[in-house]
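Below: the structure, in structure tokens.
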2 protein chains.
Amino acid sequence: MDAQSTRDRIVEAADWLFYRRGFDHTSFADIADTVGISRGNFYYHFKTKDAILAAVIDLRMTNTRVMLRRWEGDGQGPKDRITCFIQILISNQVEIVRYGCPIGGLVSELAKLDHTAQDQATAIFTLFRHWLRAQFAQMGRAGDADTLAMHLLARSQGVATLASAFHDAEFIQAEVGHMCDWVQALEPPTNRNSR
Amino acid sequence: MDAQSTRDRIVEAADWLFYRRGFDHTSFADIADTVGISRGNFYYHFKTKDAILAAVIDLRMTNTRVMLRRWEGDGQGPKDRITCFIQILISNQVEIVRYGCPIGGLVSELAKLDHTAQDQATAIFTLFRHWLRAQFAQMGRAGDADTLAMHLLARSQGVATLASAFHDAEFIQAEVGHMCDWVQALEPPTNRNSR
DNA sequence: CCACCATTAGGACAGGCGTCCCAAAACTCA
DNA sequence: TGAGTTTTGGGACGCCTGTCCTAATGGTGG
């Protein structure tokens with residue numbers, strides 16, 4: 001007895017395939033084969049390929065929200081929570097080395113396809129951006145919290161892309177170390193700030 | 001007197017289209033329309049689509065080499081040359097905001113397509129990597145020159161991706177500033193820095 | 001002039017694509 | 001059980017793709 005509905009299995013397979021092969025290069029036949037259903041059955045659950053993409057993006061949004069909330073429940077300081085974010089590069093390093101960043105990859109591809117869902121995909125980035133911004137603000141860096149959030153996001157993104165291009169997992173580990181050091185060295189609110 | 005042969009015009013159009021629409025999503029018809037020739041004529045110049053891709057990669061390799069050599073001819077120090085590299089994010093900011101990094105985009109896509117030319121595309125990254133490595137070595141950082149080169153490459157790549165995702169040119173300018181400061185602050189080999 | 005070769009246009013071809021239809025199967029519940 | 005609904009499998013449709021062929025064109029040298 002599988003607790004998963006067919007629809008969920010389709011979305012999960014599509015999520016997997018969109019990450020490894022890209023959205024455009026993944027066909028209905030690919031997804032159907034992965035799920036183990038007939039292509040015709042597809043139309044019952046999703047009218048168009050774009051509908052599947054929307055469902056995949058929704059799934060990733062939900063998963064991201066859950067992950068961010070989990071990090072907040074660990075009861076530590078903002079520096080530790082930001083470190084959790086950085087550490088996902090390590091947790092997912094095997095897949096990152098092979099397929100890059102799932103969010104960045106999707107956003108880039110949808111931009112080139114001029115796809116209507118590109119803003120939806122970017123919203124996943126925004127989720128991280130706002131969460132990081134909140135953490136930096138809690139560190140007393142409310143003034144440049146967004147700048148710091150974007151900076152860290154960009155560095156993580158670059159690390160994923162380069163690690164994938166050069167198939168280099170050690171590079172991820174080295175850069176993760178630098179980013180963790182950078183967070184730790186950031187000055188807390190207490191003393192002199194510009195007013 | 002047309003300075004450009006049809007073949008060169010095809011490669012140039014393909015280069016343009018591969019950047020904006022991606023390799024897989026660019027069809028022979030698209031290229032033919034851009035160049036203004038018939039689709040049938042194509043086969044005379046390029047037997048396969050992969051052959052066009054190879055020619056485009058070759059073109060980009062050549063253009064990159066020329067650019068790197070030009071920076072070396074400016075007769076300044078390694079810090080200034082590295083700054084030239086960082087500044088291309090500014091020079092190309094309009095296109096980067098819309099289409100991301102041409103190299104990173106191609107490498108990522110070819111990885112997802114599991115294309116045989118992905119190593120060729122990565123070689124363009126390697127060109128920058130080795131050049132940057134040489135500049136850092138000239139600054140007396142021979143010991144960690146490659147690490148620094150990869151670090152800068154990754155940061156540039158991340159900036160391009162995020163700027164494109166958020167359609168944010170100001171972010172490019174801010175990050176370029178940080179990177180230039182970072183280069184300037186790097187410690188020279190023995191004594192004080194120049195200029 | 002003619003012959004020759006490089007270049008071109010147009011279209012044929014098979015295959016894959018997203019989309020869509022419909023009849024059979026499976027399930028639900030009075 | 002039987003009627004009605006949900007879910008499934010198989011396949012058709014038109015379109016676009018990369019590839020490939022062939023006849024026509026254009027310019028050049030004998």
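Within every chain, numbering begins at 1; the chains are lettered A, B, ... in the order of the sequence lines, protein sequences first and strands thereafter.
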When rounded to whole Å, the CG to P distance for the pair A:Asp8 and D:dT7 reads 12 Å

Between CD1 of B:Ile31 and P of D:dT19 the distance, given in whole Å, is 11 Å

So, for B:Phe85 and B:Phe128, is the gap between ring centers shorter than 6.0 Å? yes

Whole-Å distance, B:Asp50 CG to D:dT19 P, equals 7 Å

For a quick test of reading the model: is some side-chain N or O of B:His45 closer than 4.0 Å to OP1 or OP2 of C:dA6? no

Looking only at D:dT17, D:dT19, C:dT8, the nucleotide nearest the B:Asn41 side chain is C:dT8

Just N and O in the side chain of A:Ser27: are any of them under 4.0 Å from OP1 or OP2 of C:dC17?
yes

From CZ of B:Arg9 across to P of C:dT8 the rounded distance in Å is 8 Å

Do A:Leu153 and A:Leu186 belong together in a cluster built from hydrophobic side chains that touch within less than 4.5 Å? yes

From NE2 of B:His25 across to P of D:dC16 the rounded distance in Å is 12 Å

Looking only at C:dA9, D:dT19, C:dG18, the nucleotide nearest the B:Ser38 side chain is C:dA9

Note: for A:Tyr43 and A:Asp30 on DNA chain C, the residue whose nearest nucleotide lies more 5' is A:Asp30

Taken to the nearest whole Å, CZ/A:Arg39 to P/C:dT19 is 14 Å

Between CG of A:Asp24 and P of D:dC16 the distance, given in whole Å, is 15 Å

Task: Short side-chain N/O contact to D:dT8 OP1/OP2 from A:Tyr44, under 4.0 Å - done: no

Short side-chain N/O contact from A:Thr6 to OP1 or OP2 of D:dT8, under 4.0 Å: yes

Here the distance between atom P of D:dG18 and atom CG of B:Asp33, to the nearest Å, is 12 Å

Under a 4.5 Å side-chain heavy-atom rule over Ile, Leu, Val, Met, Phe, Trp and Tyr, are A:Ile90 and A:Ile86 clustered together? yes

**Prompt:** Does B:Glu187 pair with B:Arg141 as a salt bridge, N-O distance under 4.0 Å?
**Reply:** no

- Message: Donor-acceptor check, side chain of A:Asp30 to backbone of A:Ser27, threshold 3.5 angstrom: yes or no?
- Response: yes

